[in-house]
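Below is one structure, written out as structure tokens; the observations come after it.
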There are 2 protein chains.
Amino acid sequence: MTNNKVSMAVIRRLPKYHRYLKEMLENGINRISSKELSDVIGFTASQIRQDLNNFGGFGQQGYGYNVEDLYNEIGQILGLVKTYNTIIIGAGNLGQALANYNFASHGFKLEGMFDINPKVTGLRIRDVEIKDMDLLEEEIKNKNIDIAIICTSRDAAQSVADDLAKYGIKAIWNFTPVDLKINNHEVIVENVHLIDSLLTLSYFLKEK
Amino acid sequence: MTNNKVSMAVIRRLPKYHRYLKEMLENGINRISSKELSDVIGFTASQIRQDLNNFGGFGQQGYGYNVEDLYNEIGQILGLVKTYNTIIIGAGNLGQALANYNFASHGFKLEGMFDINPKVTGLRIRDVEIKDMDLLEEEIKNKNIDIAIICTSRDAAQSVADDLAKYGIKAIWNFTPVDLKINNHEVIVENVHLIDSLLTLSYFLKEK
DNA sequence: TACAATTAGTTAATTAATTGACAAACAATT
DNA sequence: AATTGTTTGTCAATTAATTAACTAATTGTA
């Protein structure tokens with residue numbers, strides 16, 4: 001099924017398929033052809049078929065794809081089959097905003113928040129207490145944390161990431177404006193650069 | 001200088017160049033070769049030279065690039081030459097977090113926040129009052145707003161975007177989990193899908 | 001049941017993106 | 001001043017990604 005090497009371009013399109021299929025499912029659409037999907041999602045029908053066939057033949061000639069089945073298949077491919085335990089490091093504005101975001105509905109459970117600032121430690125966000133960083137190692141191990149969401153200051157980020165890797169975290173979702181580098185290539189790092197996105201927008205704004 | 005058609009792949013790398021060059025500038029590095037830049041930024045030297053030559057010959061054989069000049073050139077290309085006026089629509093957790101983010105330092109000035117919820121209207125975030133949506137049209141026109149940052153609920157997003165386009169906004173930075181579609185192709189739309197990023201991370205987590 | 005229409009999966013063709021190679025320009029050194 | 005080493009800009013080669021074309025399976029209909 002999952003064959004050798006799927007390109008990054010394909011992988012980054014999968015969440016979009018997942019999103020659109022979920023919407024269709026909610027709207028009671030239970031069958032879709034690559035052509036119809038193309039019309040709403042904006043990729044060519046050919047690309048959609050190519051993308052999906054990286055993972056298996058989920059469709060049926062003359063029929064198309066069953067929306068629910070395809071949604072579940074892609075969910076499986078994306079690893080949305082278990083609940084992942086997450087923590088947030090840095091409970092400032094962004095950290096708190098992300099704590100309030102409903103990632104839980106996608107299977108990402110917030111198990112803890114950490115900060116060095118005594119002004120926020122002890123506070124609770126959605127039933128999760130903000131704890132001191134001293135407790136980080138212990139909690140990662142005890143609560144079997146998979147993903148750490150880094151919302152610290154730029155300066156603290158790399159050092160926090162190094163610690164997290166040492167404590168055995170499996171993945172890091174980084175919101176600070178640095179590209180975190182982890183020597184241990186078992187640790188997955190996903191950098192979200194909001195500024196990069198804004199500057200891209202700015203580029204096109206200038207072009208007009 | 002700016003020639004015909006620069007590919008999206010190149011454009012999306014520009015902010016990263018900008019980020020790294022800024023860091024070098026702060027560290028007192030005033031000269032860099034494509035090879036050295038390659039080592040820190042992770043693109044090949046050849047790609048760096050190709051990318052930059054889409055916009056002009058900023059380097060010098062035998063020398064490399066002057067960091068400050070290149071930083072400024074890329075800033076110019078990205079449109080970071082004027083201050084853009086921005087507003088945030090939807091003053092929930094994410095909206096408030098973004099209001100506290102220092103985009104201002106990059107030339108994006110927050111000129112207003114809007115919400116329909118009377119529990120938040122009237123509050124002030126960093127000297128910016130959260131106003132009722134009724135005032136949206138007037139403020140966009142009076143304050144010459146360039147960019148609207150949408151942080152509403154998913155359901156409100158498209159309708160808000162349609163209004164914004166009608167009121168003459170130039171660009172939309174969208175944080176809701178839908179792909180906003182604006183008929184007027186003069187309006188630039190940049191969708192930030194946090195969930196897509198998280199699901200990509202989840203994909204790689206599962207692969208291990 | 002036969003037949004026309006639909007549509008996935010797959011291979012081939014095309015286009016786009018990246019990498020490699022090299023001449024020309026300049027810097028640094030002796 | 002001459003020479004060696006460095007490094008860009010650019011063109012060519014290669015690799016990757018996308019699109020098109022086609023076959024075979026299935027649906028829907030007469």
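So you know, we letter chains A, B, ... as the sequences are listed, proteins then strands, and number each from 1. Excluded from the calculations below are hydrogen atoms, water molecules and symmetry mates; all remaining heavy atoms, backbone and side chain alike, are included.
Taking CD1 of B:I89 as the start and CD1 of B:I150 as the end, the distance is 6.5 Å to the nearest 0.5 Å. In this structure, the separation between CG on B:L14 and CD1 on B:I74 is 6.0 Å, given to the nearest 0.5 Å. Between B:E137 atom CD and B:N142 atom CG the span is 10.0 Å, to the nearest 0.5 Å. Taken to the nearest 0.5 Å, the CG atom of B:N117 stands 13.0 Å off from the OG1 atom of B:T152.
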What's touching nucleotides 22-27 of chain D from the protein side, N or O pairs under 3.5 Å?
| residue | atom | partner | partner atom | Å |
| --- | --- | --- | --- | --- |
| D:dT26 | O4' | A:Q61 | O | 3.4 |

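Nucleotide D:dC11 holds its P atom 10 Å from the CD atom of B:Q50, rounded to whole Å. Going from atom CG of A:N53 over to atom C1' of D:dT19 covers 15 Å, rounded to whole Å. The distance between atom CG of B:D51 and atom P of D:dT8, rounded to the nearest whole Å, is 13 Å.
If you check every strand for non-hydrogen atoms under 4.0 Å, A:Y65 touches sugar and phosphate atoms only. If you check every strand for non-hydrogen atoms under 4.0 Å, B:T44 touches sugar and phosphate atoms only.
At distances below 3.5 Å, not a single donor-acceptor pair connects side-chain atoms of B:E68 with backbone N or O atoms of B:L25.
Of the residues in residues 22-29 of chain B, none lies under 4.0 Å from DNA chain C by heavy-atom distance.
Nearest-nucleotide positions on DNA chain D for B:G57 and A:Q47 put B:G57 closer to the 5' end.
Using a 4.0 Å cut-off between charged side-chain N and carboxylate O, B:R19 and B:E23 make no salt bridge. Here B:D162 does not pair with B:K166 in a salt bridge; the nearest charged N to carboxylate O distance is not below 4.0 Å.
Once you apply a 4.0 Å limit to the heavy atoms of chain B, the touched nucleotides of DNA chain C run 5' to 3' over C:dA17 to C:dA28.
Every residue was checked against the ring pair (Phe, Tyr, Trp, His ring centres under 6.0 Å) condition with B:Y65, not counting sequence neighbours, and none meets it. Scored by the side chain to side chain contact (heavy atoms under 4.5 Å, CB included) test, B:K170 finds A:L205, B:N144, B:D146 as partners (sequence neighbours excluded). Looking at residues two or more places apart in sequence or on another chain, you find a side-chain hydrogen bond (donor to acceptor under 3.5 Å, both in side chains) between A:E36 and A:S33.
Aromatic ring centroids of B:Y84 and B:W173 lie 6.0 Å or more apart.
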